[in-house]
Amino acid sequence: MDLKQIFKTSNPIIGVVHLLPLPTSPRWGGSLKTVVDRAEQEATALAAGGVDAIIVENFFDAPFPKDHVDPAVVSAMTVIIQRLQQMVTLPIGINVLRNDAHSALAIATCVQAQFIRVNVWTGIMATDQGLIEGRAHELMRYRRELGSDVKIFADVLVKHARPLSSTNLTVAVQDTIERGLADAVILSGWATGDPPNLEDLELARDAAQGTPVFVGSGADWENVPQMMQVADGVIVSSSLKRQGKRENSIDPIRVSRFVEAARRGVPLPKNEKSVPPVKIHNF
């Protein structure tokens, strides 16, 4: 997958819009307009701060169903994403939690979004929703049936979960790409806000053999320069919120600071050398 073709950069920074509770979720507030207004504010703040793309997810719908959300959630997310596409021109991705990849792909295809995130793509993970099985075989066939080119960003050993099979990261990355045919892989810490360690990122990058590797959690302006030395891109949310609290809205100043730090961490291409300073001679 050519990241530059989708994101106009080889090292994209993807900001997350955490939607307020949607219809049928336990904390649904009864007003879709309130949800839309908050999403528009967050998307605008992310775009103003300089991110390269946005991913929208039903984060505040917890506790989540395992793999099939209510049709009202699908309808609401479709409406919201279309509104955001009128507000910003950035590429948009979709994550339907906990693991409803079919709905995410259907929405993305219909609204012409560029990518989706899938938490469990291959293998079996023990989660707070119960056992979740990867269904890559079904979704890849569904993508073909839809005639869709939406890219699949798949988590490897996803946060808030434990694998039932091998915890070998190299094997998990290879299976996700070679057997699951994911277009990119995502590496996170153990929970929301926890970063992966650099050693794991290096292992994932080596195992991916050129398939893009993204940081999926825990990035902030202090650690992101080091992570971007290894990873191809980053998905970020919590550290961009006001006071760094996930329940708060996006702070555009924090976004700008994060983007600046992430850009500093991107290594120069091998064929690109820094320009030496010009020496001025006094005659």
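Reckoned from all heavy atoms, side chains included, excluding hydrogens, waters and symmetry mates.
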Exercise for the section: Decide if atom CD1 of Ile253 counts as having more than 12 heavy atoms of other residues, nucleotides or ligands within a radius under 6.0 Å. Expected result: no

Handout entry: Val51 with Met227, same ILVMFWY side-chain cluster at under 4.5 Å
Key = yes

Handout entry: Heavy-atom donor-acceptor pair, Trp121 side chain to Gly180 backbone, under 3.5 Å
Key = yes

Listing, residues 133-141 side-chain donor-acceptor contacts under 3.5 Å, not counting sequence neighbours, or none:
from   : atom 1 : to     : atom 2 : distance (Å)
Arg135 : NE     : Glu138 : OE1    : 2.9
Arg135 : NH2    : Glu138 : OE1    : 2.6
Arg141 : NH1    : His137 : O      : 3.0

Handout entry: Reported CG-to-CG distance for the pair Asp232 and Asn11, which is rounded to 0.5 angstrom
Key = 6.5 Å

Practice task
Evaluate the side-chain proximity of Pro195 to Ser217: yes if any heavy-atom separation is below 4.5 Å, no if none is.
Solution key: no

Exercise for the section: Would you name the heavy atoms of Ile116 and Ala108 that are closest together and state the gap between them? Expected result: CG2-CB, 3.8 Å

Fill in the blank from the handout: By side chain to side chain donor-acceptor pair (under 3.5 Å), Arg254 pairs with (sequence neighbours left out) none

Fill in the blank from the handout: For residues 100-109, the side-chain hydrogen bond (donor to acceptor under 3.5 Å, both in side chains) pairs (sequence neighbours left out) are Asp100-Ser103, Thr109-Ser148

Problem - Donor-acceptor pair between Asn99 and Asp67 side chains, under 3.5 angstrom - result: no

Fill in the blank from the handout: Rounded to the nearest 0.5 Å, the CD atom of Gln226 sits from the CG atom of Asn197 at a distance of 13.0 Å

Practice task
Determine, using the 4.5 Å side-chain heavy-atom cutoff (strictly less than), whether Leu201 and Phe258 are members of one ILVMFWY cluster.
Solution key: yes

Problem - Shortest non-hydrogen contact from Val88 toward Ala47 - result: CG1-CB, 3.8 Å

Handout entry: Atom CD of Gln229: over 12 foreign heavy atoms under 6.0 Å
Key = yes

Practice task
Mind checking ring pair (Phe, Tyr, Trp, His ring centres under 6.0 Å) for Phe153 and listing every partner two or more places apart, or none if nothing turns up?
Solution key: Phe115, Phe214

Completion exercise
Exactly one of Arg246, Lys241, Glu247 clears side-chain hydrogen bond (donor to acceptor under 3.5 Å, both in side chains) with His18, and that residue is Lys241

Handout entry: Arg117 CZ to Ile55 CD1 distance, which is reported to the nearest 0.5 Å
Key = 6.5 Å

Practice task
Apply the test side chain to side chain contact (heavy atoms under 4.5 Å, CB included) to residues Ile235 and Val16: give CA-CA distance (whole Å), side-chain angles for both, the deciding distance (0.1 Å), then the verdict.
Solution key: CA-CA 7 Å; Ile235 300 172; Val16 184; 3.5 Å; yes

Practice task
Start with the C-alpha gap between Asp52 and Lys4, add the side-chain angles, then the distance that decides, and say whether salt bridge (charged side-chain N to carboxylate O under 4.0 Å, His left out) holds.
Solution key: CA-CA 10 Å; Asp52 302 301; Lys4 198 165 187 178; over 6 Å; no

Practice task
Spell out, yes or no, whether Ile186 and Ile177 are grouped together once hydrophobic residues are joined by side-chain heavy atoms under 4.5 Å, including indirect joins.
Solution key: no

Practice task
Determine which pairs satisfy side-chain hydrogen bond (donor to acceptor under 3.5 Å, both in side chains) with at least one residue from residues 32-49, sequence neighbours left out, and list them in order.
Solution key: Ser31-Thr34, Lys33-Asp37, Arg38-Glu42, Glu40-Arg83

Handout entry: Spatial distance of atom OG (Ser237) from atom CD1 (Ile14) [nearest 0.5 Å]
Key = 12.5 Å

Problem - Least distance between heavy atoms, Gly123 atom then Val120 atom - result: O-CG1, 4.1 Å

Practice task
Please answer: with hydrophobic residues joined when any side-chain heavy atoms are less than 4.5 Å apart, are Leu240 and Leu90 in the same cluster?
Solution key: yes

Exercise for the section: Could you walk me through whether Leu3 and Ile6 pass side chain to side chain contact (heavy atoms under 4.5 Å, CB included), step by step? Expected result: CA-CA 5 Å; Leu3 293 176; Ile6 298 173; 5.7 Å; no

Handout entry: Audit row: Leu157, Leu169, side chain to side chain contact (heavy atoms under 4.5 Å, CB included) steps and yes/no
Key = CA-CA 8 Å; Leu157 303 178; Leu169 180 60; 4.0 Å; yes

Handout entry: Closest heavy-atom pair and its distance - Gly218, Asn223
Key = O-ND2, 3.0 Å

Practice task
Please tell me if the side chains of Ser188 and Asp155 come closer than 4.5 Å, counting only heavy atoms from C-beta onward.
Solution key: yes

Handout entry: Exam field: side chain Arg27 to backbone Asp61, donor-acceptor pair closer than 3.5 Å
Key = no

Problem - Taking every non-hydrogen atom, the tightest pair across Phe64 and Asn58 - result: CE2-O, 3.2 Å

Practice task
Could you tell me the separation between the CZ atom of Arg242 and the CD1 atom of Ile250, rounded to the nearest 0.5 Å?
Solution key: 9.0 Å

Exercise for the section: Treating Ile, Leu, Val, Met, Phe, Trp and Tyr as nodes and any side-chain heavy-atom pair under 4.5 angstrom as an edge, say whether Ile92 and Val79 lie in one connected cluster. Expected result: no

Practice task
For residues 204-229, pull every pair meeting salt bridge (charged side-chain N to carboxylate O under 4.0 Å, His left out), keeping only residues two or more places apart or in separate chains.
Solution key: none

Exercise for the section: Would you confirm whether Asp183, through its side chain, and Ile152, through its main-chain N or O, come within 3.5 Å as a donor-acceptor pair? Expected result: yes

Problem - Minimum heavy-atom distance Val73-Pro23, with the two atoms named - result: CG2-O, 3.6 Å

Practice task
First locate atom CD of Gln86, then atom CD1 of Ile81, and finally report the distance between them rounded to the nearest 0.5 Å.
Solution key: 12.5 Å

Practice task
Go through the steps for Arg98 and Asn119 under the test side chain to side chain contact (heavy atoms under 4.5 Å, CB included), then give the verdict.
Solution key: CA-CA 7 Å; Arg98 172 64 149 134; Asn119 287 172; 3.2 Å; yes

Practice task
Give a yes or no on whether a salt bridge exists between Lys151 and Asp2, defined as a side-chain N under 4.0 angstrom from a carboxylate O.
Solution key: no

